[in-house]
Amino acid sequence: MYDIKWIRENPEEFDKGLVRRGFEPHSAKVLELDKKYRSLQTDLQDMQSRRNDLSKKIAEAKKNGEDADVLMHEVSSLKSGMADIDEEVRSVCEQIEKVLEILPNRPADDIPDGLDDSTNRVVRTWGEPRKFDFKPLEHDELGEKLGLMDFEQAAKVSGARFVYLKGDLAKLERALAQYMLDMHTEKHGYCEMEVPLMVNSSAVYGTAQLPKFAEDLYKTTDGYWLIPTAEVSLTNFFAGKILDEEKLPLRVTALTPCFRSEAGAAGKDTRGMIRQHQFYKVEMVAITTPEKSWEEHEHMTNSAEDILKGLNLPYRVMCLSAGDMGFSSRKTHDLEVWLPGQDKYREISSVSNCWDFQARRMDARCKSKNQKGTRYVHTLNGSGLAVGRTLVAVMENYQQADGSILVPEALQKYMNGKKVITTYK
RNA sequence: GGAAAGAUGGCAGAGUGGUCGAAUGCGGCAGACUCGAAAUCUGUUGAUAGGCUUUGCUUAUCCGAGGGUUCGAAUCCCUCUCUUUCCGCCA
């Protein structure tokens with residue numbers, strides 16, 4: 001959510017950001033409503049002030065045993081006009097909110113222009129894609145050949161975009177999640193959390209999946225939303241709070257299933273585990289002061305990269321263009337892992353600095369001891385990593401000619417020392 | 001699911017129709033005392049929005065949320081949410 005005061009002072013910048021995102025300029029309309037709102041509010045406050053004065057006089061008159069009927073009538077007539085203005089103030093305020101709540105965050109200055117992924121910029125590349133002396137398979141083919149991945153039965157039980165994992169492959173996924181959490185908690189300074197998977201509307205509004213993206217989410221019969229990412233639960237942990245600036249940054253992480261309807265993804269990634277309605281993800285969230293959020297963005301990106309480095313999976317870091325970023329983000333780094341089966345880099349993590357955009361929506365603030373007043377915190381979130389997609393990457397990168405899969409060294413301790421995954425017996 | 005009691009500032013906790021944005025205590029901040037610290041004493045200390053003659057002044061709103069009654073609501077009425085305790089059920 002934008003700060004109306006900031007728009008008042010920087011209308012051109014506001015519009016410029018929107019245009020970079022592929023949106024129409026909105027400052028003229030917003031400022032017109034804002035002007036109306038403020039003038040109405042002043043009128044209303046004047047009336048309220050008069051009412052309060054008269055009420056005090058009535059109290060005094062009654063205390064002195066005087067007659068207060070005339071005064072009381074005066075307030076009554078004053079009140080009849082107040083209700084209308086009150087209604088108008090509320091309506092204009094709502095109109096402003098309706099406009100602002102569906103506008104995306106302002107892109108940072110240093111990110112590429114462009115409305116889609118074609119102008120995303122490569123920030124850095126790590127690792128050499130492995131040379132195969134056989135034709136590498138895609139993960140779903142590998143998994144099914146091993147008898148450890150079953151899409152067919154999942155389709156019967158649930159439908160498209162679900163999977164069963166069996167035996168060592170199921171265990172490998174669990175090992176991956178554990179490895180990620182251990183890295184983040186022991187090495188990167190995150191606090192592990194166990195979080196709600198079902199949340200209410202105001203939480204989803206806070207992280208800005210609502211009101212605009214309701215069709216991407218699952219809703220229960222009694223009105224809960226299934227989280228599409230632990231970002232919702234983790235970030236809202238700080239909703240409505242005033243945090244000590246001295247204690248920031250706060251870093252939290254959680255392993256959760258994520259639920260997505262994939263409403264707009266018909267025909268995309270229909271095979272395999274890349275795009276499922278339900279998948280595990282380790283999410284990182286950081287809360288910082290306004291001064292420290294860019295620094296924290298780098299730290300979080302590095303934390304995600306560390307996971308891939310530890311698994312020796314080649315990847316590159318992309319800086320997303322203005323129009324390709326998520327709604328709440330000012331700057332997003334995507335980590336793309338090399339998938340030999342697909343012969344391309346695929347997104348495995350997305351690390352975003354949301355600035356004060358979500359903090360305003362969920363009223364998360366911070367306060368310094370030597371400072372008057374409060375400020376909105378900056379929120380950041382990033383996948384660290386998408387567990388299902390990491391499993392895919394491990395399978396494709398560590399496959400052998402006979403169809404077996406080597407267990408990356410970093411995961412062996414989570415697999416009881418097992419070094420290779422073969423057919424289920 | 002049934003019954004009862006609650007929700008007040010950073011925290012604890014008074015306040016049942018009229019200078020109540022709210023006593024008191026703790027905490028925080030500033031000062032005094034001290035070589036320094038502790039203890040003690042004194043003062044100070046909420047948020048949001050608007051206006052202005054803008055390091056300040058002023059107006060409004062905020063006592064779980066939303067409505068209502070009233071000249072006036074933390075206080076009375078209604079709805080909702082949450083918490084606690086007891087009973088029931090349950091991984």
Side-chain angles (χ1 to χ4, degrees), chain A residues 1-9 30-97 99-101 194-206 210 219-225 233 236-248 250 257 287 289 356 358-377:
Chain A
M1 187 69 93
Y2 281 90
D3 177 8
I4 187 81
K5 250 189 276 177
W6 180 84
I7 298 176
R8 230 178 265 155
E9 286 155 18
V30 170
L31 290 180
E32 188 198 317
L33 284 169
D34 178 53
K35 205 171 163 191
K36 195 170 160 195
Y37 171 70
R38 285 191 291 163
S39 120
L40 282 167
Q41 195 191 16
T42 304
D43 292 349
L44 180 66
Q45 287 186 0
D46 285 347
M47 293 171 106
Q48 286 171 324
S49 178
R50 255 184 291 161
R51 179 203 59 194
N52 291 346
D53 278 350
L54 287 170
S55 289
K56 267 179 202 166
K57 279 188 191 145
I58 291 169
E60 221 159 295
K62 289 207 165 180
K63 214 196 273 174
N64 300 334
E66 292 161 18
D67 184 49
D69 280 4
V70 180
L71 288 167
M72 278 160 74
H73 269 102
E74 206 176 323
V75 183
S76 288
S77 59
L78 184 66
K79 265 184 37 171
S80 62
M82 269 171 69
D84 290 345
I85 296 196
D86 189 41
E87 186 50 46
E88 235 182 308
V89 168
R90 218 179 286 200
S91 145
V92 176
C93 185
E94 254 169 54
Q95 285 175 53
I96 295 172
E97 234 167 64
V99 174
L100 291 184
E101 70 189 4
E194 159 86 29
V195 301
L197 306 181
M198 294 154 69
V199 297
N200 62 29
S201 295
S202 77
V204 189
Y205 181 88
L210 285 183
K219 195 175 189 180
T220 68
T221 49
D222 51 355
Y224 289 110
W225 302 89
S233 311
N236 275 287
F237 180 72
F238 304 97
K241 289 183 176 166
I242 300 175
L243 305 161
D244 282 350
E245 280 196 17
E246 286 72 20
K247 289 182 184 152
L248 302 182
L250 291 168
I287 308 294
T289 58
D356 60 1
Q358 294 178 324
R360 282 177 191 287
R361 294 172 87 104
M362 66 175 70
D363 192 29
R365 289 170 290 165
C366 62
K367 186 179 168 68
S368 168
K369 277 199 174 105
N370 349 302
Q371 210 173 20
K372 231 178 130 67
T374 60
R375 301 193 289 168
Y376 286 102
V377 297

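In what follows, chains carry the letters A, B, and so on, assigned in the order in which the sequence lines appear, proteins first and then strands, with residues in each chain numbered from 1.
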- Message: Would you say A:R38 places a side-chain N or O within less than 4.0 Å of OP1 or OP2 belonging to B:rG51?
- Response: yes

- Message: Suppose you measure atom C1' in B:rU8 against the same atom in B:rC63; what distance do you get, rounded to whole Å?
- Response: 4 Å

- Does any nucleotide pair with B:rG18 by Watson-Crick or G-U wobble geometry, both distances under 3.5 Å, and what is it? B:rC71

- Item | Electrostatic pair A:K36-A:E88, nearest N-O below 4.0 angstrom | no

- Message: Please name the nucleotide paired to B:rC35 by Watson-Crick or G-U wobble geometry with both distances under 3.5 Å, or report none.
- Response: none

- Item | C1'-based separation of B:rU42 from B:rC33 [nearest Å] | 11 Å

- Whole-Å C1' distance, B:rC71 and B:rU58: 24 Å

- Under 4.0 angstrom between A:K367 side-chain N/O and B:rA47 OP1 or OP2: yes

- Over how many whole Å does the gap from A:L33 atom CG to B:rA49 atom P extend? 18 Å

- Hey, which sits more toward the 5' end of RNA chain B by its nearest nucleotide, A:M72 or A:Y37? A:Y37

- Task: Take atom CG of A:D244 and atom P of B:rC29, then tell me their distance rounded to the nearest Å.
- Result: 11 Å

- Note on the structure: Answer for the Watson-Crick or wobble partner of B:rU54, both distances under 3.5 Å, is none

- Message: Distance check needed: B:rG72 C1' versus A:K62 NZ, whole Å only.
- Response: 9 Å

- Item | NZ/NE/NH1/NH2 to OD/OE distance under 4.0 Å, A:D3 and A:R360 | yes

- Correct closest heavy-atom pair for A:L100 and A:M1 would be CB-SD, 3.6 Å

- Message: Could you check whether A:K241 makes a cation-pi contact with A:F237, meaning its NZ or CZ is under 6.0 Å from the centre of the six-membered ring and within 45° of the ring axis?
- Response: yes

- Taking a pair to mean Watson-Crick or G-U wobble geometry with both distances below 3.5 Å, B:rC29 pairs with B:rG43

- Note on the structure: Taken to the nearest whole Å, NZ/A:K5 to P/B:rU54 is 17 Å

- Message: Which is more 5' along RNA chain B, the nucleotide nearest A:K79 or the one nearest A:D34? Just name the residue.
- Response: A:D34

- Query: Can you tell which of B:rG51, B:rG18, B:rA47 lies closest to the side chain of A:I58?
  - Reply: B:rG18

- Query: Looking only at atom C1', what distance separates B:rC26 and B:rG13, rounded to whole Å?
  - Reply: 11 Å

- Query: Given atom CE of A:M47 and atom C1' of B:rG50, what is their separation to the nearest angstrom?
  - Reply: 16 Å

- Using the C1' atom in both, what is the distance from B:rG21 to B:rA38, to the nearest Å? 35 Å

- Query: Which whole-number value in Å describes the distance from A:R365 CZ to B:rG9 P?
  - Reply: 13 Å

- Message: For A:D46, give me all partners under side-chain contact (heavy atoms from CB on, under 4.5 Å), at least two apart in sequence or on another chain.
- Response: A:T42

- Task: Check whether more than 12 heavy atoms from other residues, nucleotides or ligands sit under 6.0 Å from atom OH of A:Y205, and answer yes or no.
- Result: yes

- Message: Distance check, P atoms only: B:rG64 and B:rA7, in whole angstrom units.
- Response: 8 Å

- Query: Considering Watson-Crick and G-U wobble pairs with both distances under 3.5 Å, what does B:rA49 pair with?
  - Reply: B:rU59

- Message: Just the rounded figure in Å: distance from P of B:rU81 to CG of A:D222.
- Response: 12 Å

- Message: Looking at B:rG50, I'd like to know if its phosphate oxygens (OP1 or OP2) sit under 4.0 Å from a side-chain N or O belonging to A:R8.
- Response: yes

- Query: Take atom CD in A:E9; do more than 12 heavy atoms of anything else shown fall under 6.0 Å from it?
  - Reply: yes

- Rounded to whole angstroms, how far apart are CZ on A:R375 and P on B:rU48? 13 Å

- Heavy-atom contacts, protein to nucleotides 59-66 of chain B, under 4.0 Å, summarised as B (base), S (sugar-phosphate only) or - (none) per nt, yield BSS-----

- Query: Taking atom C1' in both B:rA14 and B:rU79, what distance in whole Å separates the two?
  - Reply: 28 Å

- Hunt down the Watson-Crick or G-U wobble partner of B:rG9, both distances under 3.5 Å, from any strand shown, or write none. none

- Shortest non-hydrogen contact from A:I287 to A:L248? O-CD2, 3.9 Å

- Message: For the C1' atoms, the ones on B:rC77 and on B:rA73, what distance do you get once it is rounded to whole angstrom?
- Response: 12 Å

- Base paired to B:rG1 (Watson-Crick or G-U; both N/O distances under 3.5 angstrom): B:rC87

- Task: Using both distances under 3.5 Å as the test, list the Watson-Crick or G-U wobble partner of B:rC80, or none.
- Result: B:rG64

- Which residues share a side-chain contact (heavy atoms from CB on, under 4.5 Å) with A:K57, sequence neighbours left out: A:L71

